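For reference, the structure is listed below as structure tokens.
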Amino acid sequence: MNKWNVAAKVAGTITAGMVLYNAHDVGKKHSEEAVKEKSAARLTKLYMRSRRMEDLSETTSRLKDWYFKSNADWNLPDKINAVKGYFSGAFEQMASDIVPAALATGALLSKKLAKVFSIGLLLYGIKYLICDVIDIGRPNHLKGE
């Protein structure tokens with residue numbers, strides 16, 4: 001293997017690792033957010049039902065309290081929402097990072113075009129640094145005209 005292929009494989013590995021790390025991190029954040037949002041909506045509905053009374057019966061009141069508490073402690077919907085939120089966030093981030101992911105895949109898997117993909121990664125990295133990190137070349141919507 002020549003030096004270009006080794007450099008391309010290293011660049012591809014680093015980029016793929018960064019893309020996967022970002023996807024995992026965003027997935028975790030979406031998971032936590034989804035659990036909070038869905039749990040709040042579910043518990044609000046349950047609480048409102050538990051407070052609505054057709055009569056003044058103490059038995060009905062206690063049964064409604066028991067029903068609310070048992071549903072509030074039930075965490076299966078939260079686990080399902082966490083998994084759905086994780087995959088939703090991770091795939092959303094992967095879609096957002098499709099260009100570096102494709103370039104990294106090409107640099108890792110291609111034998112003949114590894115040099116081209118690694119140059120593409122370098123150019124994308126420069127563009128990312130200038131546009132997204134330094135924030136040059138983007139319209140400033142906060143600036144008054």
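The structure displayed is predicted, hence computed values, not measured ones.
Pairing each heavy atom of L108 with each of A16, the nearest pair is CD1-CB, 4.3 Å. For the pair A34 and N81, the tightest heavy-atom approach, listed with the atom from each and the gap, is CB-O, 3.7 Å. The two atoms that bring A107 and A114 nearest to each other are O-CB, 3.9 Å, heavy atoms only. Contact detail for Q93 and V26: the closest heavy-atom pair is OE1-CG2, 3.5 Å. Between G12 and A104 the shortest heavy-atom distance is O-CB, 3.5 Å.
Residues V19 and M94 are in side-chain contact: their nearest non-hydrogen atoms beyond the backbone lie under 4.5 Å apart. Taking the side chain as every heavy atom from C-beta outward, K38 and P77 never approach each other to under 4.5 Å. A heavy-atom distance below 4.5 Å is found between the side chains of D78 and R42. K127 places none of its side-chain heavy atoms less than 4.5 Å from the side chain of L123. For the pair L43 and L46, the minimum side-chain heavy-atom distance is below 4.5 Å. Side-chain contact between H24 and Y86 is present, with heavy atoms from C-beta onward closer than 4.5 Å.
Using a distance-only test at 3.5 Å, with no hydrogens or angles considered, a donor-acceptor pair links the side chain of S118 to the main chain of K115. Between the S88 side chain and the K84 main chain, no donor and acceptor come within less than 3.5 Å of each other. Under the 3.5 Å distance criterion, the side-chain polar atoms of T44 are matched with a main-chain donor or acceptor of A40. Between the side chain of T105 and the backbone N or O of A101 there is at least one donor-acceptor pair closer than 3.5 Å. Without hydrogens or angle criteria, K64 side chain to R51 main chain gives no donor-acceptor distance under 3.5 Å.
A salt bridge is defined here as a Lys NZ or Arg NE, NH1 or NH2 lying under 4.0 Å from an Asp or Glu carboxylate O, and K69 with D65 fails to meet this definition. A salt bridge links R62 to E58: one of the charged nitrogens lies within less than 4.0 Å of a carboxylate oxygen.
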**Request:** Please step through side-chain contact (heavy atoms from CB on, under 4.5 Å) for the pair T15 and L103, ending with a clear verdict.
**Result:** CA-CA 9 Å; T15 304; L103 290 171; over 6 Å; no
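Between Y21 atom OH and D97 atom CG the span is 13.5 Å, to the nearest 0.5 Å. Interatomic distance, NZ of K28 versus CD of E33, reported as 15.0 Å (0.5 Å rounding). Distance check: S39 OG to N75 CG gives 10.0 Å after rounding to the nearest 0.5 Å.
Crowding of L56 atom CG: a count of heavy atoms from other residues, nucleotides or ligands under 6.0 Å not exceeding 12. Atom NZ of K36 has 12 or fewer heavy atoms from other residues, nucleotides or ligands within 6.0 Å.
Placement of I80 and V83 in two distinct hydrophobic clusters is found when ILVMFWY residues are connected by side-chain heavy-atom separations under 4.5 Å, directly or transitively. Residues Y124 and I98 are members of one and the same hydrophobic cluster, defined by side-chain heavy-atom contacts under 4.5 angstrom among Ile, Leu, Val, Met, Phe, Trp and Tyr. There is no path of hydrophobic side-chain contacts, each under 4.5 Å, that joins F68 to L76. At a threshold of 4.5 Å between side-chain heavy atoms, the hydrophobic network of Ile, Leu, Val, Met, Phe, Trp and Tyr places V133 and L122 in one connected group. The hydrophobic clustering, which links ILVMFWY residues whose side-chain heavy atoms are closer than 4.5 Å, places V10 and L109 apart.
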